[in-house]
A.B. asks: 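I'd like to ask you about the structure that follows.
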Amino acid sequence: MSDARKPFPFREFEPQWQQRWESEKTFRTPGPGDPDFDPTKPKYYVLDMFPYPSGSGLHVGHPEGYTATDIIGRYKRMNGFNVLHPMGYDAFGLPAEEHARKTGEHPAINTANNIANFRRQLKSLGFAYDWDREIATTDPEYVRWTQWIFLQLYNSYFCEETNRAKPVSELAAKGWTREQIDEVRFAYVANTPVWWSPDLGTVLANEEVEEWKSKGHTVERRPLRQWMLRITKYAQRLIDELDTLDWPDGIKMLQKNWIGRSEGAEVDFDVQGHKVTVFTTRPDTLFGATYMVLAPEHPFVPEITTAEQKDIVGSYQKSCSSKSDMDRGDLNKDKSGVFTGAYAINPVNNEQIPIWIADYVMMGYGTGAIMAVPAHDERDFEFANRFNLPIVQVVIPSDLPAGYGVLMPLKTAFCDHGIAIHSPPHGWGLKDPKGERYCLNELSTAEAKAKMIDWLESNAKGKRRIQYKLRDWLFSRQRYWGEPFPIVWKDGHHHAISDSELPLLAPPLDDYKPSGTPEPLLSKATDWVNRPDGSTHETNTMPQWAGSCWYYLRYCDPGNTSRFISKEAEAYWSSSNQPSTINHQPSGMVDLYVGGTEHAVLHLLYARFWHKALFDLGHVTTPEPFQKLVNQGLILGEDGQKMSKSRGNVVNPDDVVKEYGADALRLYEMFMGPLEQVKPWQMKGVEGVSRFLARVWRVACEEQTDGFYQISPKIREVPCTDKELLRVVHETLKKVGEDIEKLSFNTAISQMMICTNAFTQADVVPLKEFTQFLTVLNPFAPHLAEEINARVAAVFNRPAHLLSETTWPVYNPEALIRSEIEFIIQVNGKLRDRLMISKDADEATATAAGLASAKVKEHTDGKTIRKIVFVPGKLLNIVAG
RNA sequence: GGCGGCUUGGCGGAAUUGGUAGACGCGCUCGACUCAAAAUCGAGUUCUAACGAGUGUGGGUUCGAGUCCCACAGCCGCUACCA
């Protein structure tokens with residue numbers, strides 16, 4: 001730092017305050033069971049997305065959200081809430097294991113070092129966390145309860161009648177066999193094609209594939225035995241209950257799209273005596289289905305393929321399985337496919353349609369088979385044109401003139417809703433004389449869909465079906481650094497281990513290198529794998545998401561050794577007392593959750609799923625985990641690009657703290673712009689807020705000799721006689737409080753700047769008002785505010801209360817009142833004059849004053865006044881022409 | 001291709017939800033202090049010489065539009081053959 005800048009001694013007092021808060025446990029939060037817990041106090045739970053403790057330390061993006069929640073937490077505390085504001089570490093993860101591979105060192109060591117560094121950095125920013133509640137997902141005591149929750153899922157199933165999870169013991173009591181029960185457990189084993197990465201030595205979830213591919217790892221598709229979680233059972237509730245949450249619409253939309261509900265029908269086609277079922281969202285277009293397409297992996301393909309087509313079908317299937325590894329994202333690739341030689345019978349008109357296989361139909365969605373309606377589906381249209389398949393139009397736009405009967409050759413598929421025609425094709429405008437219920441002609445798409453589904457169901461040719469894009473959650477990994485499954489195998493069956501054996505921890509390994517086979521790393525530990533009773537441990541581990549699915553629950557009762565959270569703690573921290581912006585009873589436990597958009601889908605969906613299961617099973621009392629969600633915007637580099645090591649535009653929070661102090665970093669991150677907006681870093685902006693803090697310092701403190709300060713003689717214990725100053729102070733008390741509630745921190749800070757400028761210019765700074773100002777500054781810049789307050793208190797012999805423990809000052813509405821205001825005079829909507837008049841001036845007074853203005857006359861001369869609009873206390877608009 | 005978000009001075013951003021566009025900060029200019037510089041303090045700063053114009057573009061509603069409606073464009077995210 002250049003010595004030129006006039007500083008304030010933040011390097012001395014910031015660490016001192018941090019030490020004091022720590023040693024006095026200023027921000028410790030008493031909970032149920034603690035002797036000092038007051039159950040009558042309302043709770044407020046404000047949560048940060050806990051970080052993955054990477055080797056590179058905190059990024060400036062982290063303190064953005066953390067400062068926002070810190071301000072809210074401190075503010076709510078000062079308003080009488082019992083605030084839960086905890087921090088922890090999502091500490092399992094591939095990077096620590098990669099490190100272990102290279103060094104041979106146990107990943108726990110590297111993880112502990114990284115956590116220590118994160119903790120040091122977080123503490124250097126003065127956050128008001130209750131450090132007694134700090135947790136890491138890798139702590140054995142934490143792992144115990146992650147595994148315990150897994151067992152709750154393992155031991156329950158989704159009851160379709162009640163639409164909720166229930167214990168499988170209820171099924172056993174009804175006489176279900178073990179095999180039947182294993183079919184319905186939330187946690188189940190399946191042999192499914194998964195993404196396997198040989199060099200990482202693990203299977204990846206669909207959503208992780210791109211990330212690791214972009215880091216240069218290879219990924220291939222392989223069928224493997226994996227643990228899955230039946231999240232799809234909750235698809236509908238995960239959509240419906242979004243309505244009970246105060247989340248940004250964009251995030252709700254992302255989750256809905258990810259779950260991907262579509263309504264339609266299953267239709268059965270007869271193929272040489274076999275039934276092939278397709279899923280369609282457009283059953284109304286069944287008369288336009290001119291061919292069928294199966295996914296290349298569809299199990300019926302070998303059965304139905306004719307002898308002549310066998311070779312070509314086989315080689316196409318082969319090319320697809322290798323192609324899917326490479327560029328399946330390649331959009332512009334032409335449609336490909338081959339004819340199987342087989343035909344299916346369209347159930348509505350008994351016509352034969354050819355069956356093809358093509359890689360644009362995927363096994364993983366719907367039934368892996370489609371009826372192709374080229375006239376009304378773009379992909380089918382493109383395919384039909386490529387392979388000269390017939391195109392039959394059965395829907396026309398509803399805005400075509402009545403009686404329009406000639407079909408134009410289609411240039412593109414018509415995919416919108418419209419009016420059904422040729423269904424069946426007895427000519428335009430005619431109804432089928434034989435069976436009216438079977439004629440869709442002239443019906444709107446919605447009506448035609450409903451009618452067709454009725455027909456399918458009453459003729460046993462198909463049924464209504466709701467389809468989701470969401471797949472079951474691939475929950476096993478072949479890594480070392482994750483929670484082992486609390487499962488053992490005996491005689492080919494899986495069993496839960498008893499709760500008393502938890503936590504089940506992985507033994508240290510001689511080396512952490514992947515074997516190159518899909519065999520999990522833990523299988524190397526043969527002593528551990530084989531149990532004395534002849535059973536073997538499951539060697540897969542859980543994904544990193546597991547720990548982050550429930551950490552917000554553990555914060556409520558982190559030391560509990562007999563339950564994952566006590567009933568009392570759960571009940572208290574779930575109690576709802578916050579006003580909601582939605583028209584619903586709040587349903588979430590955490591009042592405010594702040595974090596980045598990158599978790600919009602996966603983490604937030606997985607955590608909701610676990611929470612709902614725990615809710616159904618009676619372990620928690622709210623149906624949702626997070627009531628209000630706010631996404632902080634990305635902080636870009638000074639060049640407007642995303643911060644990255646390769647671009648060299650990364651800002652390290654440590655450097656900023658060293659040069660400008662923690663308060664300046666906190667304040668700058670809040671002053672940059674709205675929390676949710678993407679915004680670029682500007683070091684000059686940090687200097688700006690640092691100057692502001694120095695100005696606040698100088699209102700109170702005058703430098704004597706180098707490094708020694710004395711309270712400014714301007715500060716006096718006198719009533720505030722300066723009406724204007726008093727008004728600015730009370731406007732600040734009002735606006736800062738309101739802005740914090742709205743999370744509009746940048747405007748709160750600008751108001752505090754205005755207030756500081758007023759103090760700087762005042763000859764006398766009244767102690768009471770200045771202290772009130774420091775109190776509202778405190779959540780933003782707690783070190784500086786406490787330091788000045790302590791110094792001032794000492795000089796005036798006042799008790800040295802921490803500002804953090806005082807109550808939020810209430811503004812006096814009377815201090816805000818101005819007797820005269822600037823009144824705007826417009827002519828035809830354009831500003832022409834400003835007059836000082838009484839705030840309460842009535843229309844007649846204002847009109848007279850306005851018309852008397854010389855500036856107004858210039859613009860109304862020679863015109864007739866047609867109308868005068870009067871807005872009390874604001875303006876007058878004279879309409880002249 | 002689909003969905004979502006954004007667009008206001010040289011820059012980051014304000015604007016009571018239809019009522020003074022540009023608060024606050026950065027940068028810049030000038031002045032004070034200083035031998036000088038830095039720091040600090042003070043004044044100014046949308047564009048234009050001016051009339052005027054002005055919130056991505058074009059239209060509309062209104063006494064009045066950054067704000068509401070219609071059309072379009074440009075950036076940024078996420079997602080992707082989902083039947």
Side-chain angles (χ1 to χ4, degrees), chain A residues 2-7 207 210 248-254 256-258 260-262 264 278-282 285 293 295 328-333 335 358-362 364-373 376-380 382-383 467-471 597-598 600-601 633-634 636 640 642 668 671-674 676-689 691-692 694-695 698 735 738 744 746-754 757 760-761 822-834 866-871 873-881:
Chain A
S2 61
D3 292 326
R5 192 185 318 125
K6 188 85 175 183
E207 47 271 19
E210 277 313 310
D249 289 337
I251 301 296
K252 289 188 181 181
M253 203 76 75
L254 277 173
K256 279 185 191 162
N257 290 345
W258 188 265
R261 179 194 153 103
S262 40
V278 303
F279 173 72
T280 177
T281 54
R282 293 295 299 273
T285 61
V293 187
R328 60 184 196 123
D330 189 1
L331 303 177
N332 297 327
K333 77 178 176 197
K335 291 269 179 298
D359 64 358
Y360 82 89
V361 174
M362 275 149 306
Y365 182 77
T367 60
I370 62 159
M371 62 178 217
V373 184
H376 306 294
D377 180 282
E378 272 170 39
R379 293 152 303 174
D380 297 346
E382 196 190 320
F383 192 85
Q467 176 68 40
Y468 301 92
K469 278 198 277 184
L470 185 70
R471 317 287 165 81
T597 347
E598 66 273 19
V601 187
L634 203 63
L636 304 174
K642 206 166 167 171
Y668 173 63
F671 189 58
M672 290 173 85
E676 303 186 52
Q677 197 168 300
V678 178
K679 43 212 176 277
W681 186 272
Q682 292 183 334
M683 218 36 113
K684 283 283 183 193
V686 185
E687 278 182 37
V689 295
R691 270 204 282 267
F692 159 65
R695 278 165 73 88
R698 286 198 307 271
K735 185 160 174 62
E738 288 171 353
S744 178
N746 54 333
T747 52
I749 293 167
S750 89
Q751 182 62 40
M752 292 190 284
M753 288 171 167
I754 291 170
N757 292 343
T760 301
Q761 271 154 23
E822 194 179 57
F823 193 79
I824 298 308
I825 313 294
Q826 297 180 333
V827 176
N828 294 332
K830 287 198 165 70
L831 175 74
R832 294 305 179 193
D833 203 0
R834 308 153 196 261
R866 297 184 195 282
K867 188 172 177 182
I868 293 178
V869 182
F870 171 67
V871 182
K874 284 254 160 57
L875 59 74
L876 192 72
N877 187 15
I878 300 164
V879 185

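Just so it is clear, the model here is predicted, and its values are computed rather than measured.
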A.B. asks: Taking atom C1' of B:rC81 as reference, at what distance in whole Å does atom NE2 of A:H376 sit?
C.D. replies: 19 Å

A.B. asks: Under 4.0 Å, heavy atoms only, any strand: does A:E738 hit a base, just the sugar-phosphate, or nothing?
C.D. replies: nothing

A.B. asks: Grab the two heavy atoms, one from A:P680 and one from A:G640, that are nearest each other, plus how far apart they are.
C.D. replies: CB-CA, 4.5 Å

A.B. asks: On a whole-Å scale, what distance lies between the P atoms belonging to B:rG54 and B:rG9?
C.D. replies: 14 Å

A.B. asks: In terms of base orientation, is B:rG9 syn or anti, with the syn window spanning 90° either side of 0?
C.D. replies: syn

A.B. asks: For B:rC47 and B:rU55, measure between their P atoms and round to the nearest Å.
C.D. replies: 15 Å

A.B. asks: Where does B:rU8 land, syn or anti, given syn is within 90° of 0?
C.D. replies: anti

A.B. asks: Could you check whether the rings of A:F870 and A:F823 sit parallel, tilted or perpendicular, using 30° and 60° as the cut-offs?
C.D. replies: tilted

A.B. asks: With a 4.5 Å limit on heavy-atom distance, are the side chains of A:L634 and A:K642 in contact?
C.D. replies: yes

A.B. asks: For A:T747 and A:S750, test the side chains for any donor-to-acceptor distance below 3.5 angstrom and give the result as yes or no.
C.D. replies: no

A.B. asks: Kindly say whether A:P674 contributes a backbone atom to a donor-acceptor pair with the side chain of A:K679 at under 3.5 angstrom?
C.D. replies: yes

A.B. asks: Quick test: give all pairs of protein nitrogen or oxygen and nucleotides 31-33 of chain B nitrogen or oxygen below 3.5 Å, distance rounded to 0.1 Å.
C.D. replies:
none

A.B. asks: I want to verify a distance call: between B:rG4, B:rG12, B:rA53, whose nearest atom is closest to the A:P680 side chain?
C.D. replies: B:rG12

A.B. asks: Who are the ring-ring contact (aromatic ring centres under 6.0 Å, His included) partners of A:Y668, not counting sequence neighbours?
C.D. replies: A:W681

A.B. asks: Check for a donor-acceptor pair, side chain of A:N877 on one end and backbone N or O of A:I825 on the other, with a separation under 3.5 Å.
C.D. replies: no

A.B. asks: Answer yes or no: does a side-chain N or O of A:K679 lie under 4.0 Å from OP1 or OP2 of B:rG12?
C.D. replies: no

A.B. asks: Which value, in whole Å, describes the distance between the C1' atoms of nucleotides B:rC76 and B:rA71?
C.D. replies: 22 Å

A.B. asks: Side chain of A:K684, backbone of A:Q682: donor and acceptor closer than 3.5 Å?
C.D. replies: no

A.B. asks: Considering non-hydrogen atoms only, spot the tightest contact between A:F383 and A:A358 and give its length.
C.D. replies: CE1-CB, 3.7 Å

A.B. asks: Applying side-chain contact (heavy atoms from CB on, under 4.5 Å), name anything that partners A:V373, two or more places apart in sequence or on another chain.
C.D. replies: A:T285, A:A289, A:M371, A:H376

A.B. asks: Which residues pass the side-chain contact (heavy atoms from CB on, under 4.5 Å) test with A:E378, sequence neighbours left out?
C.D. replies: A:A413, A:C415

A.B. asks: How long is the straight-line distance from CG of A:L470 back to OH of A:Y365, given to the nearest 0.5 Å?
C.D. replies: 11.5 Å

A.B. asks: Using the C1' atom in both, what is the distance from B:rG4 to B:rU46, to the nearest Å?
C.D. replies: 32 Å

A.B. asks: What one-letter contact string describes nucleotides 16-26 of chain B from 5' to 3', where B marks a base within less than 4.0 Å of any protein heavy atom, S marks contact via sugar-phosphate atoms alone, and - marks no contact?
C.D. replies: B--BB--BBSS

A.B. asks: Please state how far atom CE in A:M362 lies from atom C1' in B:rU79, giving the value in whole angstrom units.
C.D. replies: 13 Å

A.B. asks: What interatomic distance, in whole Å, is found between P of B:rG56 and the corresponding atom of B:rC11?
C.D. replies: 13 Å

A.B. asks: Paired stems touching RNA chain B, three or more consecutive Watson-Crick or G-U pairs with both distances under 3.5 Å?
C.D. replies: B:1-7 with B:73-79, B:10-12 with B:24-26, B:27-32 with B:40-45, B:56-60 with B:68-72

A.B. asks: What interatomic distance, in whole Å, is found between P of B:rC82 and the corresponding atom of B:rC3?
C.D. replies: 13 Å

A.B. asks: Looking only at atom C1', what distance separates B:rC26 and B:rA36, rounded to whole Å?
C.D. replies: 27 Å

A.B. asks: Does A:S262 reach a base, just sugar-phosphate, or nothing at all? Heavy atoms under 4.0 Å.
C.D. replies: sugar-phosphate

A.B. asks: With rounding to whole Å, what would you report as the distance between B:rU20 and B:rA65 at their C1' atoms?
C.D. replies: 14 Å

A.B. asks: For A:Q761 and for A:N257, find the nucleotide of RNA chain B with the closest heavy atom, then tell me which residue's nucleotide is more 5'.
C.D. replies: A:N257

